[in-house]
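Reviewing the structure listed below.
Lettering of chains follows the sequences in order, A, B, ..., and the numbering in each one begins at 1.
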Amino acid sequence: MKVRQSAKNNESNGSTEYDFKKAEERWSKYWQERGLFKANGTLGTKPKQYVLEMFPYPSGKLHMGHVRNYSLGDVVARYNRMRGFDVLHPMGWDAFGLPAENAAIERGIHPENWTLSNIGYMREQMKKLGFSYDWDREVATCLPDYYKWTQWLFLKLYENGLAYKKRAKVNWCPHCKTVLANEQVIDGKCWRCHSPIEKREIEQWFFKITAYAEDLLNDLDNLDWPEHVKAQQRNWIGRSEGALVKFAIEGTDKVIEIFTTRLDTIYGATFMVLAPEHPLAMELVQGTALKELYDEYLKRISLKSEIDRLSTEKEKEGFFLGKYAVNPFNGERIPIYAGDYVLTEYGTGAIMAVPAHDERDYAFAVKYNIPIRPVVVPKDGEEIKNGEVFTEYGVLVNSGPYTGKTSEEAQKLMAEYLEEHNLGQKSVTYRLRDWLVSRQRYWGAPIPVVYCEHCGTVPVPEDQLPVILPREVDYLPGDLVSPLATDEEFVHTTCPKCGGPARRETDTMDTFVDSSWYYLRYIDPHNEQAPFDKELAEYWMPVDIYIGGVEHAVLHLLYSRFITKALKDMGYVTVSEPFSKLFTQGMVTLGGSAMSKSKGNIVDPDDILRDYGADAARMYTLFVAPPEKDFEWSQQGLEGIVRFIRRIWNFYCKYADEVKEAVAAPMGKLFEGMSEYDEKALRAVNRLVYRVTEDIEDNYRFNTAIAAMMEFLNEVTDYDEKVSGAVMKTLLETFAKVLAPFVPFLAEELWAMLGNAPSVHEQSWPQWDESMLQENTVEVAVQINGKFRGTVVVRNGASEEEVREAVMSSGNFSKYLSKEGGYKKCFYVPNKIINFIV
RNA sequence: GCGAAGGUGGCGGAACUGGCAGACGCGCUGGACUUAGGAUCCAGUGGGCUAAACCCGUGCGGGUUCAAAUCCCGCCCUUCGCACCA
């Protein structure tokens, strides 16, 4: 009778169906009471491990993506605890922000009530799922004891010249009624509501992330992050090496400064282009007949929406400004245009145009009938066809003294010439712009600044923090007016410097500011004197493993890196990177696309918890696909895991009583008179530990780790009844420990069933014995002329001789091998394969 | 256009430094047990034949090798990110 048939036999064994509800309630309560998952912060007695998952936005309920994300992190946390690490595994809430506010407006509830009640619900869901968080460290970014320190962060950045205010054209979302950072504009649309964004000019606060562009770029090299995330950040930072060149404007004392990466093509510059909004463009037409036409042109350009501007098919539109620049190399007169394909924000907002070697310049030149003069030819002498634009490096022609030089040489020599004559220099430009952090919304951390008639902009002193977000405010968004501006009591204050009347800043901070430092607050969440203790931060930082979705590849992950670097330079932390390893998990889809309320393709974790239990939900999300890949939710797949759990349960029911009194056999040593099946079982359990450990360590391959557990159970149920009590006890105890990080409730139940005191989660992770991974005999594949023809069984480590002998004597291969075992050649890979060439 | 990751059964996916392709699970087929079963268990399941023997099979075409999903050359396709960045 095998255990696989045991469902029928449960009653006869006195066992019952696994009651996951009871088990989950019981153990989750026990864990909390015992405080099993508290990080010790023992400062050095144990190695530390900071395991972090991206905290959720409290949108209402957990979705399957959360379940997957947090199941991954929980395996890592529990595994590391069993491995003897002092594990910090916290959870909190990214609780400020637009969606909370919008949802609250729709439902007519205060954002705070809405948010806090969501948090309460989601926290309970997480507890039901058995995630091993240290709940004493929970943070919510919308609470004053948290945002006090977000405001502190703002002040520190301000003190250090990394926060500043300027009037700027900003991205304005007409639907959300707020400005957005560049990173939050996707294809010219709002990242949240997808409305086309507009350009507005307002005074806004910025963080000077560009000051760290170089470090943010270089330090990527040393991070254990997925390559595609690093690539996205590199792309976003967008470093270009080139040169700044000053072109004098004929008949004036003005110069146009341009940035180019192709200084070597400067002899081919046949026109200049300024961004339409470039102040110089306006100056050049001022007081001329062109002024009126230019105003019209500007109006036309600005009417084009951001989307049109970004469209690749869009025709470039230029305007001749009636003036000429002078090429600093050959003195040539070059007409100056305004053109909408030149961006104000990048480089200097002005270019030299070389139509022969740049596609965009070429299109413009053709349209406005401007000469096209090639000055670089391919090194290999290849012909350039008419109408083709040669944009690569080559050899210079028609370039005065530089003719005959390669592009590389010319760039170097020309830059030297520029510097000698004070006409420009080498330069590096980035695409990265400063981070716009002002938001004209209610539900965020108020920017801690006041404006005084006498003193100007004055930061709120640290000891007056937090600047409390008033509760009773008309928080409906206005047009370019922050809701806080309507609260007279909030607005009117006194200047901290002179005591005179002053007005508060009424904008709140981008929620990405809140989340850019939360991993530091977990380290010391109740500290009232500082955002965190320096020594504790030194102990816990950096986060050893950070798990979350790819959607944060640039936004949150770049901001956090910047904030960490800034805090390091101010002396608050000692690390320059917050997350040494990043793991981005895939999405959970249904019907081929990400689950979303609007699409209606939702699987509600509550239903799954109710019908199948936490362990099944967790293990299924871990098993169904490699963790970094998307997977399609399948009820049947989940039921497969439920079956597996049931089989484990039945197996333990069958033997638990029997082995209670037994003394567990050691993992490694084969004792005298051990039976064949005992040995088999012992080897199987060693192999199990080995495979699961390796799979976890090798980039979290939980899907194959679980497959190894299934194989293990499949194998031992083939001969379980022949295994002795001592070995069975070892087997059951070890398997329970291996299961613990994956199905924590079940594992605890199994552990107790064996007569052990809780908790299995306090046990050490089992060790395998290297010698037990080897079998006594191995199956060697036999190939004839490279084709598989069968196998032979030989002793482990058999020599080529022995294997050849076994092949010859087996008789199975005689039809392929000539008599006397004749063959030309033979290749043997020990314990694997033997190939005869005949 | 630039950058990144991928193409393996009906499906999700395994396969260590080249060494028995398809582990594990889902699904499917047949059987057992059952009043019944969508429960459970047993057997089978890449394609070609009823079947063994055999042949063919990891996107396509070449190549290296005793041996290729894996290495090299040349293509094709998919997904994702960025995109008038000078």
Side-chain angles (χ1 to χ4, degrees), chain A residues 1-10 17 186-187 226-236 238-240 242 258-262 265 273 309-314 316 339-343 345-354 357-361 363-364 391 429-432 550-551 553-554 620 623-626 628-632 634-641 643-644 646-647 650 694 698 701 703-712 714 779-791 815 823-838:
Chain A
M1 189 214 311
K2 291 182 176 179
V3 168
R4 285 195 198 188
Q5 300 165 335
S6 65
K8 276 253 126 218
N9 309 314
N10 277 348
E17 198 62 11
I186 293 150
D187 293 334
E227 207 41 58
H228 67 281
V229 175
K230 294 205 231 179
Q232 278 186 57
Q233 292 215 353
R234 283 192 193 105
N235 217 319
W236 190 261
R239 183 181 197 274
S240 291
I258 61 104
F259 174 75
T260 179
T261 55
R262 291 302 302 275
T265 63
V273 188
R309 257 191 102 141
L310 289 171
S311 157
T312 38
E313 286 111 63
K314 197 213 66 180
K316 299 171 189 352
D340 59 354
Y341 75 104
V342 174
L343 309 173
E345 316 90 65
Y346 185 75
T348 61
I351 63 162
M352 68 173 193
V354 185
H357 304 295
D358 182 283
E359 307 265 3
R360 297 150 297 172
D361 297 346
F364 192 91
T391 56
T429 296
Y430 301 91
R431 281 185 36 193
L432 184 70
V550 239
E551 65 272 19
V554 259
Y620 170 64
F623 173 66
V624 66
E628 68 279 7
K629 289 189 68 171
D630 294 353
F631 78 79
E632 172 74 12
S634 147
Q635 196 77 3
Q636 287 166 328
L638 172 63
E639 279 163 17
I641 288 295
R643 276 197 279 277
F644 178 52
R646 186 152 51 216
R647 286 182 54 213
N650 290 336
E694 291 289 295
D698 183 10
R701 299 186 333 183
N703 56 327
T704 49
I706 293 166
M709 298 176 204
M710 291 171 169
E711 283 180 64
F712 167 76
N714 288 348
E779 216 177 38
V780 171
V782 179
Q783 289 187 340
I784 314 292
N785 288 338
K787 280 198 189 297
F788 173 71
R789 296 298 181 190
T791 60
K815 62 182 153 185
Y823 55 88
K824 277 200 207 118
K825 242 181 163 177
C826 173
F827 295 86
Y828 176 56
V829 182
N831 290 350
K832 283 245 171 81
I833 197 162
I834 188 159
N835 189 6
F836 293 94
I837 312 304
V838 299

At less than 4.0 Å, is any side-chain N or O atom of [X] found next to OP1 or OP2 of [N]? Yes or no.
X      : N      : answer
A/T429 : B/rA86 : no
A/R647 : B/rC24 : no
A/R234 : B/rG81 : no
A/N714 : B/rG25 : yes
A/R646 : B/rU40 : yes

Using a cut-off of 4.0 Å between protein heavy atoms and nucleotide atoms, how would you tag nucleotides 6-17 of chain B 5' to 3' with B, S and -?
-> ------SSSSB-

[N] [atom2] sits how many Å from [X] [atom1], rounded?
X      : N      : atom1 : atom2 : result
A/I641 : B/rG25 : CD1   : P     : 9 Å
A/F788 : B/rG18 : CZ    : P     : 21 Å
A/Q233 : B/rA4  : CD    : P     : 15 Å
A/Y620 : B/rC26 : OH    : P     : 11 Å
A/N650 : B/rU40 : CG    : P     : 10 Å
A/R643 : B/rC24 : CZ    : P     : 15 Å
A/I784 : B/rA67 : CD1   : P     : 14 Å
A/F644 : B/rG25 : CZ    : C1'   : 11 Å

Consecutive Watson-Crick or G-U pairs in runs of at least 3, all under 3.5 Å, in which RNA chain B is involved |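 The stems that RNA chain B takes part in, listed by first number, are B:1-7 with B:76-82, B:10-12 with B:24-26, B:27-32 with B:40-45, B:46-48 with B:54-56, B:59-63 with B:71-75.
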
For [N] versus [M], give the span between their [atom1] atoms, rounded off to a whole number of Å.
N      : M      : atom1 : value
B/rU70 : B/rU58 : P     : 9 Å
B/rA68 : B/rG18 : P     : 13 Å
B/rG9  : B/rC28 : C1'   : 12 Å
B/rG74 : B/rA86 : C1'   : 34 Å
B/rA23 : B/rC16 : P     : 15 Å
B/rG57 : B/rA4  : P     : 33 Å
B/rU29 : B/rG47 : P     : 15 Å
B/rG48 : B/rA67 : C1'   : 25 Å

If you define the side chain from C-beta out and look only at heavy atoms, does anything of [X] sit under 4.5 Å from [Y]?
X      : Y      : result
A/Q783 : A/I833 : yes
A/E779 : A/N831 : no
A/M352 : A/V273 : no
A/R643 : A/L638 : no
A/Y346 : A/F259 : yes
A/F788 : A/V782 : no

Quick one: do the A/R647 and A/N714 side chains pair a donor with an acceptor below 3.5 Å?
->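 Checked: A/R647/A/N714 side chains pair up, N/O donor to acceptor below 3.5 Å.
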
For residues A/D361 and A/Y341, is any side-chain donor paired with an opposing acceptor at under 3.5 Å?
->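 Yes - a donor-acceptor pair under 3.5 Å links their side chains.
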
Mind telling me whether B/rG63 is syn or anti, cutoff 90° either side of 0?
->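 Classified anti.
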
Salt-bridge present (A/R234, A/E227; N to O < 4.0 Å) =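 Between A/E227 and A/R234 there is a salt bridge, with a charged N closer than 4.0 Å to a carboxylate O.
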
Pairing of A/R646 and A/E17 as salt bridge, 4.0 angstrom limit |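 A salt bridge links A/R646 with A/E17.
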
Heavy atoms under 4.0 Å, any strand shown: does [X] hit a base, just sugar-phosphate, or nothing?
X      : answer
A/G347 : nothing
A/K787 : sugar-phosphate
A/N835 : base

Which residue lies more 5' along RNA chain B, comparing A/Q232 with A/I351 via nearest heavy atoms |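 Nearest-nucleotide comparison on RNA chain B picks A/Q232.
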
With nearest nucleotides of RNA chain B determined for A/G238 and A/A707 from heavy-atom distances, which residue corresponds to the more 5′ nucleotide?
->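 On the 5' side of the pair lies A/A707.
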
Work out which heavy atom in A/T265 is nearest to a heavy atom in A/V354; give both atom names and the distance.
->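 In this case the closest contact between A/T265 and A/V354 is OG1-CG2, 3.4 Å.
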
Which listed nucleotide (B/rA23, B/rC66, B/rA86) is nearest to the side chain of A/F827?
->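 Nucleotide nearest to A/F827's side chain: B/rC66.
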
Output the single nucleotide from B/rU40, B/rA86, B/rA5 whose closest atom is nearest the side chain of A/T261.
->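 It is B/rA86.
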
Cation-pi geometry met for A/K316 and A/F364 (6.0 Å, 45°) =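 Geometry flag: not set, cation outside 6.0 Å or 45°.
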
